[in-house]
Number of protein chains: 2
Amino acid sequence: MNQKTPNDDDKQVAEVNQEALYRIFTIPEAPDSTLGKIEKHLSENLMGFLGEHIVAREKPLQEIERDFEQAGIPEDPQFVSEHTEFLLNKLVAHSVHTASPKFIGHMTSALPYFLLPLAKLMVGLNQNLVKIETSKAFTPLERNVIGMLHHLVYQQDAGFYNRWMHSAQHSLGAFCSGGTVANMTALWVARNQLLKADGDFAGIAADGLAAGLAHYNYKRLVVLVSERGHYSLAKAADVLGIGRRNLVAVATDENNRIKIDALRQTCDQVQQEGGKVLAIVGVAGTTETGHVDPLAEMAAIAQDYGVHFHVDAAWGGATLLSSRYRELLQGVEQADSVTIDAHKQMYVPMGAGMVLFKSPSLVKSIEHHAEYIIRQGSKDLGAHSMEGSRPGMAMMVFSALHVIGRRGYQLLIDNSLEKARYFAELISEQDDFEVITEPELCLLTYRFVPKRVKQALKQASAEQVEQLTPHLNALTRYIQKRQRESGKSFVSRTKLTPAQYFHEPSVVFRVVLANPLTTNDMLAEIIEEQRQIAEKATSLRGALHTEMRELGMVIDNR
Amino acid sequence: MNQKTPNDDDKQVAEVNQEALYRIFTIPEAPDSTLGKIEKHLSENLMGFLGEHIVAREKPLQEIERDFEQAGIPEDPQFVSEHTEFLLNKLVAHSVHTASPKFIGHMTSALPYFLLPLAKLMVGLNQNLVKIETSKAFTPLERNVIGMLHHLVYQQDAGFYNRWMHSAQHSLGAFCSGGTVANMTALWVARNQLLKADGDFAGIAADGLAAGLAHYNYKRLVVLVSERGHYSLAKAADVLGIGRRNLVAVATDENNRIKIDALRQTCDQVQQEGGKVLAIVGVAGTTETGHVDPLAEMAAIAQDYGVHFHVDAAWGGATLLSSRYRELLQGVEQADSVTIDAHKQMYVPMGAGMVLFKSPSLVKSIEHHAEYIIRQGSKDLGAHSMEGSRPGMAMMVFSALHVIGRRGYQLLIDNSLEKARYFAELISEQDDFEVITEPELCLLTYRFVPKRVKQALKQASAEQVEQLTPHLNALTRYIQKRQRESGKSFVSRTKLTPAQYFHEPSVVFRVVLANPLTTNDMLAEIIEEQRQIAEKATSLRGALHTEMRELGMVIDNR
């Protein structure tokens, strides 16, 4: 008798006050409601709001999970105010203060204030950019944004953009949720272009990859990128049916740039073995070290071998906005496709990736239509995108480009790069820190090394480095973790194989200095905090020193 | 001498007021600024804001494009107020009023008010859900949301969710930007699971599709879906290397549901020809007619043939929230994977797709790691997603589920379905309209047919229908376009092959009745407006009548 019948349920549903329910669609949150107050606070003082509501000291993930373990959808409606309290105490409190100027371990940064109300406008308008019918002016707007980024990279003349930017059958790129989809789209286009329709072969889009390989008599398709390439490329190789093993990592030089000779050799080898290089991918700002591949030289090789040249500038692409530093990406304008994320160094919220195509016709290879949408001849953006329904994020990029302006961006970017150089210098001046990779853009890596160890390392043999590095790695991990947990500042960490240390896998701190609110004083504070954490790591330091003694490396007492 | 040198440029950059630039990161928009006022307006009265700022009468796209034709990024910063005026007049004015209760041609609807400030909170927090380090509590939150939707579909017990929902090595699904990526992810998982590592074969993820087909000795992979399947499936077949031709469209019955016999026959045929069915896809709410495939019968066939069964419930999945109507999707709980979009019938803003997996281990086939992110053993969501960096949209779904509650959703969904039934009845009562497809969920199609034609069609032969339909199609297109342009209301259109009209390709109006603010009176107004537009289409009606006379079909004068 205890079981719920549909009838009982219907009655209970009827008890849900229909008026109250409809009110959420028609009556706004009152300014003095909990949510109203929150909104006011974050509108008036975002940093204050985040600083006040995000608790500094880290709560273990397992504890947080306890607040998110009810899989049943609650039966009854909850008051917005009550729910908001929950969000504040359980979610916001334990989120990450990505905008903090002392959280320099991410590629996220502080956002300009004006984007907050615009985000609300975007959500209120709730356009769907897959088609004109649900986006109207947002479609030309997005095409314009893609055109502006295309111009930033390729600098074609006004005639070019007049002709192609709004052409239904063409596209200068695609707006994506992020760099991963952008990279995937670029390789999708390259793959379909390579294995295009030919004679009695209808093309890979229609007949599939295996038929394409058979028709063109290729044993396999290969994508070449430096060993510092982003993991999204491996994922793309998987998704596109190419296979992760066919994403071949080419060796890098001591500055984490692809070795041009090795690249050429690999191209030759793939060909000799009956394979076909589908694409060469240049990295403009590696995720781990921020270095830029020699793009012009790579473009020349791509041309020699008749191969699609893609540049993954998801992070570094914004550097093109600086006329002082854009030459660091010299050669990018020769790429067939380029990925840029506006939510990285362009100060736009998460969800704004873009892929740009040099040739407006390249997207033909992925064009698709349907009866009720993206009809032939329409200007619907969905005809050339991997995603379907999408929000109007392009507005955020459009507005940021206008309100900040090219020169404003240059100022931000120049300052970031110069801050990174300053920080590298500051680190080098310390007895007990060392720079592992110098900043080319605004990213650098470094680590803490006790003073005596730092001195001893200078003359250490390969074997000594091999023995010491695991201890240093443990120390770096320890410092990074404790610093994160204490909640005052955050640097990230990764593992590199530095040439100066015999390519021994070394854990390093990694910082990205894109937040305009980060000051030089804060940088000094961050390394001081790391030093203090290191002081307390007595057992790890003890083990390190024991190891040194065993290796016969001199240790002064200190 | 007129050329700009880097030095000149540097000077001009220096002239950009650095203080002013930094202020956009530190000083909020004043409440009485243009943007502040806009925000206040949309916060206090979203419908009023949209109604006031979106101009009703449609401006030709070519004219709108003129406001978005400058490909150069502006050099100098623009005042926020000035830029906001531009957005209001050039973008917002010509966007689409997707929330309007008389715009019933889309799958977008009005949004609950509380989601607007929450959207702002989400952007202010600017979390990146690819990894714990940049999302912390948002990671368990998103896993919880996926768990809630999983429970909605599969209804496992609490022990199941305790065990799997927060397990690092497992995943009950993936949050995506939309249904297209969700469908793609499902087929990616199915493909990799089918062609998994085996003996000396390292698996498709590593070695690629062609090697996988060769190892398992399959001539081709085939995905089966009804001819009403969403176009994203063809796109997925392309992206995944399967090929669009290998997405085989199975015939549907007079209710747009897949023919079970035809499905079984196709399975047999593929096998006999040496192919392998990769997946059978059931549609739970076709985009064009809103019909639901016989999911339980499809599941049985999938089981017989040992094939992955995916259900695309992007639009219809929300029906599961109604205990009265969830039986319409009976069998969905047998699917290996299910796509649901929260931005469709769950009243959440654009950008909230989900794919759910029955088995928590299925994602193993697409798992990936890197050194600096989504490390082995971490709970980083990025290890099992197609996308990389992603915003915290899951919060919007979480909040909507709590504030509306299961019973609140049921009320909304039941009302939508019943409104659709009411509208179908209203249409049937008219002399000069006819329902083409009855609503199973809240979607129906219909068309205007002049009274005499409607009568004559009842006894018309196949040949007569064939001759008349192009004229009716032209009339339907005309009405739909004029109505859209006049800006008061909007229905969409598509082309169907109705059984009752000898499968003649027929253009129809298509309406989705999910907006809770749409009233019965508005529905009456919409068809009245269509009737009035039709009255004025004298030449199209003349051609129709001439055709009828030539076909010897009786026409009374009216």
Worksheet item: Which atoms of A:His402 come close to chain B, meaning under 4.5 Å heavy atom to heavy atom: side chain ones, backbone ones, both, or neither?
Response: both
Discussion item. Under a 4.5 Å cutoff for heavy-atom pairs, which residue among B:Gly208, B:Ala237, B:Ala211 has the most contacts with chain A?
Written reply: B:Gly208
Fill in: Per-residue contact mode, A:Lys90 against chain B (heavy atom under 4.5 angstrom)
backbone
Worksheet item: At a heavy-atom separation under 4.5 Å, does A:Gln156 approach chain B through its side chain, its backbone, both, or neither?
Response: neither
Practice prompt. Go through B:Arg220, B:Gln127, B:Arg484 and name the one with the most non-hydrogen pairs under 4.5 angstrom from chain A.
Written response: B:Gln127
Worksheet item: Taking every heavy-atom pair that is under 4.5 Å apart, which of A:Phe490, A:Phe49, A:Phe79, A:Phe398 has the most such pairs with chain B?
Response: A:Phe398
Worksheet item: Highest number of heavy-atom pairs under 4.5 Å with chain A: which of B:Leu35, B:Thr98, B:Asn126, B:Leu412?
Response: B:Asn126
Worksheet item: Minimum heavy-atom separation for A:Arg244 to A:Lys235, with atom names?
Response: NH2-CA, 3.8 Å
Worksheet item: Say you draw a straight line from CD1 of A:Ile132 to CG of B:Leu61; how long is it, rounded to the nearest 0.5 Å?
Response: 4.5 Å
Worksheet item: Between A:His94, A:Met47, A:His166, which shows the greatest number of heavy-atom pairs under 4.5 Å with chain B?
Response: A:His166
Item to complete: Name the option with the most non-hydrogen atom pairs under 4.5 Å to chain B; the candidates are A:Ile204, A:Leu121, A:Asp67, A:Asn246.
Response: A:Leu121
Discussion item. Need one label for A:Ser135: side chain, backbone, both or neither, based on atoms under 4.5 Å from any heavy atom in chain B.
Written reply: backbone
Worksheet entry | From CD1 (A:Ile38) to CD (A:Glu29), nearest 0.5 Å | 10.5 Å
Response to the item:
If you tally heavy-atom pairs under 4.5 Å between each of A:Ile242, A:Leu221, A:Val181 and chain B, the highest tally belongs to A:Ile242
Discussion item. Using a 4.5 angstrom heavy-atom cutoff, name the option from B:Val80, B:Ile64, B:Leu401, B:Leu240 with the most pairs to chain A.
Written reply: B:Leu240
Worksheet entry | Residue among B:Phe114, B:Tyr347, B:Tyr113 satisfying ring-ring contact (aromatic ring centres under 6.0 Å, His included) with A:Phe25 | B:Tyr347
Worksheet item: Among B:Asp207, B:Leu111, B:Leu21, B:Val239, which has the most heavy-atom pairs under 4.5 Å with chain A?
Response: B:Val239
Worksheet entry | Side chain / backbone / both / neither for A:Leu213 at chain B, heavy atoms under 4.5 Å | side chain
Item to complete: Could you tell me which portion of A:Leu141 (side chain, backbone, both or neither) has an atom closer than 4.5 angstrom to a non-hydrogen atom of chain B?
Response: both
Worksheet item: Measuring heavy-atom distances to chain B, does A:Ala206 have an atom under 4.5 Å in its side chain, in its backbone, in both, or in neither?
Response: both
Discussion item. Please rank A:Leu321, A:Leu91, A:Thr26, A:Thr180 by heavy-atom pairs under 4.5 Å with chain B and give me the top one.
Written reply: A:Leu91
Item to complete: Please look at A:His343 and chain B and tell me whether the side chain, the backbone, both or neither of the residue comes under 4.5 angstrom of a heavy atom of that chain.
Response: side chain
Worksheet, complete the sentence: CD1 (B:Ile404) and CZ (B:Arg406) are apart, to the nearest 0.5 Å, by 13.0 Å
Worksheet item: Given a strict heavy-atom distance threshold of 4.5 Å, which part of A:Arg143 is in contact with chain B: side chain, backbone, both, or neither?
Response: neither
Fill in: Under 4.5 Å from any heavy atom of chain B - which part of A:Asp341
neither
Item to complete: Given salt bridge (charged side-chain N to carboxylate O under 4.0 Å, His left out), test A:Arg407 with A:Asp414 step by step and report yes or no.
Response: CA-CA 10 Å; A:Arg407 291 201 179 104; A:Asp414 291 359; over 6 Å; no
Discussion item. Can you tell me which portion of A:Met122 sits under 4.5 Å from chain B's heavy atoms? Options are side chain, backbone, both or neither.
Written reply: neither
Practice prompt. Please flag which part of A:Met107 lies under 4.5 Å from any non-hydrogen atom of chain B: side chain, backbone, both or neither.
Written response: neither
Discussion item. Tell me which of these, B:Gly243, B:Gly147, B:Gly105, has more heavy-atom pairs under 4.5 Å with chain A than the rest.
Written reply: B:Gly243
Practice prompt. Below 4.5 Å from any heavy atom of chain B, which atoms of A:Tyr161 appear? Answer side chain, backbone, both or neither.
Written response: side chain
Discussion item. Is A:Phe86 close to chain B through its backbone or its side chain, or both, or neither, when contacts mean heavy atoms under 4.5 Å?
Written reply: side chain
Worksheet item: In terms of heavy-atom pairs under 4.5 Å, which option from A:Ser492, A:Gly178, A:Gly124 contacts chain B the most?
Response: A:Gly124
Item to complete: Let me know if B:Lys379 has heavy atoms under 4.5 Å from chain A in its side chain, its backbone, both or neither.
Response: side chain
Discussion item. Is the distance between the ring centroids of A:His151 and A:Phe160 under 6.0 Å?
Written reply: no
